[in-house]
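Everything below concerns the one structure shown next.
Atom set for the values below is all heavy atoms of this structure, side chains included, hydrogens, waters and symmetry mates excluded. Since the model is a prediction, treat every value here as computed from it, not as a measurement.
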Amino acid sequence: MAGSPADDSAVLDALFAGSPQGLFVLDSERKVTRYNPRGRGVRRLSAEDVIGHRAEDFSPGFEPRELRALIDEVLETGEPLRGRLIRGRSPSNPRRTLALEVSIFPMYRLSDDRPGLVGVVEDVTEKQAAADRLAVLGRVHETVGSTLDVRTTADELVRALVPDFADAASVDLLDVDPARTARLPGPVPAATPLRRVSFAPADADRSRRQGDSRPFPFPTPYTQVLADMRARLVRVSADEPWLSADPGGFAPLIAANVHSMLVTPIKARDSVLGLLTLYRHESDPFEEADLDVARQAASTTAAHLDNAHSYDREHTVAATLQRRLQPGVIPRLSAVETAHVYLPESAGGDWFDVIPLSGTRVALVVGDVAGHGIEAAATMGQLRVALRTLALQDLETDELLTHLDEVAVQLAGTPAGDAAAHVATCAVTVYDPVSRQCTMVRAGHPAPVIVDPDGSPVPVDVPKGPPLGAGGGRAFDAAVIELPPGSLLAHYTIGMLAARGPDRTAARHRLESILAPTTQPLEELCDTALYRMSPSRDDDAVLLLARTHALPQENVADWTLPADATVVGAARRLVDRQLASWNLDGAVFTTELIVSELVTNAIRYGKGPVRLRLIHDMGRLLSEVTDANSTSPHVRHARDTDEGGRGLYIVMRLSSHWGVRHSREDKTIWSEQRIDGQPQDSLDLVEAFDMTEVEDL
């Protein structure tokens, strides 16, 4: 039922007289013909300032074009516009921003049918401010913490807050040793230095440069927040007493017309990590409600920064452990010349080793432990020590990996045969410069790249054994090849090829082509391979290069003797003549004694003919005696009444190193002497034993 015109007029009069909303009637020329004088924003204006004027005339804090665009939109389309949000400065307080929700409805006059408009304006400043704060916190939760990098996390925080919530923001963090196991709880002394980690916008950072580490002036709001761990809203004016603590340092605040700031501690588990400071100089001054936003943003970021600190600490410890467990100075060897690239990017378990072996041989090792971090680095160290220990036992290469696999199974703690739970992969190459034979074996690892002296790749099929720790009793098969001097061996880990994509075969061929100039210095080849392969930054990478050499024939003497006791004297005479040809007369007596004991032992306990070999190499003299008996001798400590049992003890005392090397057909007992200085106790040692038996032989 329609009301009477009088009723309609009464309703309109009540609305225009008492509604808290702004009500405006506009004619076709966009001028106000009637309005609600009680509406917010026009209460202090007289009717002469509003009636007959356009909206932009009495709304100086709002963008005129925006207001005109809203009115034009309704006039052109004839469709109502509802709940459009606009922002502008308050006419009564230029530092205060108003948020208004505008609705405009088309209206046609009954008399002349000319179009007009009814506008409804509602002040939603407080409601919108709360929504804006929630939006800022949502952006912080969404964008902060994408990585475990401290600098990136701080940058994400200031970008989430500037410029929508603050005109500028800074993050200053305590300098903490990454190796420290935990942060110190409680308040922070005023003299504690803090490092400027992030600031936005970058061109506004004039008080501290990024990376600066120094204490904040005392006493100031910064030091107070560090002392009591309580966030503060600070009003800034030129006469604030705390500015005198560092007038020069705080001059940029005044110069930038900063009028308010929030200083908030970044706390994690009752420990202060640093400060988040927010500044406003163009926006409205901060309010108490804004403190909650700063606190929650700091709290969210603190959790990510604490995780980043824990990651940095573990990464630092793992990387340090990994570096300490890698080989130190690589020995200079006659068998090979080596160079390497070692990039522990992810603190994982990649490792390499160059192990001198008996008979001037050398073992080249590269391995890759599964996983990253401290556990992977520790596992790598255990495997490397175990492999070096096994290699120094002169085991066959396949037997060496079999024993290393048993160690890895124990480290894995998983049922044998579970290939998915393997501990590591590994490749081992043993090169003999006397025979020029290269024996290669691998456990789930890429085979080495081999390039001949002319730069052509050498295809070698090295059987791929199971990875270490998979167990299951599977055997490792070795590949044996004879290499000419000057050949290049390249061992690597997967990280060296990772950046080349999933096609490992193509990446391997690329590495072969890079290493083709085999006469180039190895250090330069390593750098060239690094630059051109561009290994992944997300994985460790190792490249171990070795250029093979052959031991000159004149440095090796080799005889085969019958298994007869009478040949011991002949063996001494052969040694005498050979050492004379090498100008090693000073080593004759000791070497004769060592060879006598070794040959005598082989004749007494061995089988078949006896092979005697002498090698003169880089200040060393090696004596080797080989027989067909696989039984290993051992040192005995003879009693005073025993007539024998001192032979190997004498060899041990006269040698810098000695040992037993096994093959499938025979065994070799070897002794190494340093010939740059004879043992001082040789004569005393000989006189201390009954040498009648040796002299008779």
Side-chain angles (χ1 to χ4, degrees), residues 315 318-319 322-323 325-327 330 336-354 364-372 376-377 380 384 424-429 431 438 440-462 464 467 479 481 483 486-548:
H315 185 276
Q322 186 180 25
R323 286 192 298 269
L325 292 174
Q326 294 293 343
I330 302 299
V336 291
E337 172 192 356
T338 64
H340 67 274
V341 169
Y342 170 56
L343 302 174
E345 292 296 336
S346 60
D350 288 17
W351 90 93
F352 72 98
D353 212 343
V354 179
L364 307 170
V365 181
V366 166
D368 185 357
V369 173
H372 302 282
M380 177 270 291
R384 177 176 172 265
T425 62
C426 182
V428 180
T429 296
Y431 175 69
C438 189
M440 294 163 283
V441 66
R442 60 188 181 124
H445 201 85
V449 166
I450 304 178
V451 181
D452 69 17
D454 295 329
S456 301
V458 178
V460 181
D461 181 16
V462 183
K464 184 178 180 179
I481 186 174
L483 295 178
S487 299
L488 197 65
L489 287 162
H491 291 75
Y492 58 90
T493 59
I494 291 298
M496 197 69 192
L497 310 183
R500 309 308 305 180
D503 189 352
R504 299 288 166 76
T505 301
R508 181 182 172 89
H509 290 329
R510 179 176 177 82
L511 180 60
E512 290 174 344
S513 66
I514 293 171
L515 300 178
T518 55
T519 58
Q520 185 177 348
L522 292 187
E523 289 79 6
E524 294 182 13
L525 269 181
C526 277
D527 289 345
T528 301
L530 175 65
Y531 302 148
R532 294 179 61 184
M533 296 300 295
S534 299
S536 170
R537 293 183 64 93
D538 299 324
D539 195 8
D540 297 356
V542 171
L543 175 64
L544 174 62
L545 299 183
R547 180 178 290 129
T548 64

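- The side-chain heavy atoms of V354 and L544, taken from C-beta on, include a pair separated by under 4.5 Å.
- Taking 4.5 Å as the limit, some side-chain heavy atom of Q520 sits within range of a side-chain heavy atom of T528.
- The side-chain hydrogen bond (donor to acceptor under 3.5 Å, both in side chains) test applied to E523 returns no partner, not counting sequence neighbours.
- Exactly one of L543, D540, V542 qualifies for a side chain to side chain contact (heavy atoms under 4.5 Å, CB included) with Y342. That residue is V542.
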Exercise for the section: Could you give me the CA-CA distance, side-chain angles and deciding distance for T493 and D350, then say whether side chain to side chain donor-acceptor pair (under 3.5 Å) is met? Expected result: CA-CA 7 Å; T493 59; D350 288 17; 2.9 Å; yes

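- Side-chain atoms of R510 do not come within 3.5 Å of backbone N or O of L497 as any donor-acceptor pair.
- At least one donor-acceptor pair under 3.5 Å links the side chain of D452 to the backbone N or O of D454.
- Residues I450 and M440 form a side-chain contact, since some pair of their non-hydrogen atoms from C-beta on lies under 4.5 Å apart.
- When all heavy atoms are compared, the tightest approach of K464 to G444 is CE-CA, 3.8 Å.
- Of all heavy-atom pairs between V428 and C426, the closest is CG2-SG, 3.9 Å.
- Side-chain contact check for L483 versus L489: some heavy-atom pair is nearer than 4.5 Å.
- Side-chain contact between R508 and V449 is present, with at least one heavy-atom pair separated by less than 4.5 Å.
- Of all the heavy atoms in D461 and A479, the pair that sits closest is O-CB, 3.6 Å.
- Distance alone, capped at 3.5 Å, is enough to place a donor-acceptor pair between the H445 side chain and the Y492 backbone.
- Proximity of T425 to I494: side-chain heavy atoms (C-beta onward) are nowhere separated by under 4.5 Å.
- R547 CZ to L522 CG: the interatomic distance, rounded to the nearest 0.5 Å, is 4.0 Å.
- You'll find the side chain of T429 stays beyond 4.5 Å of the side chain of V462, heavy atoms only.
- W351 and D368 get closest at one heavy-atom pair: CZ3-N, 3.6 Å.
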Exercise for the section: Show your working on ring pair (Phe, Tyr, Trp, His ring centres under 6.0 Å) between F352 and H491 and close with a plain yes or no. Expected result: CA-CA 9 Å; F352 72 98; H491 291 75; over 10 Å; no

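- We find the CG-CZ distance between D353 and R384 to be 4.0 Å, quoted to the nearest 0.5 Å.
- Between the side chain of T548 and the backbone N or O of S487 there is at least one donor-acceptor pair closer than 3.5 Å.
- Counting all heavy atoms, side chain and backbone alike, A516 lies closest to V451 at CA-CG1, 4.3 Å.
- T518 and P453 make their closest contact through OG1-O, 3.0 Å (heavy atoms, listed as atom of the first residue, atom of the second, distance).
- Looking at L364 and Y431, their side chains never come closer than 4.5 Å, going by heavy atoms from C-beta outward.
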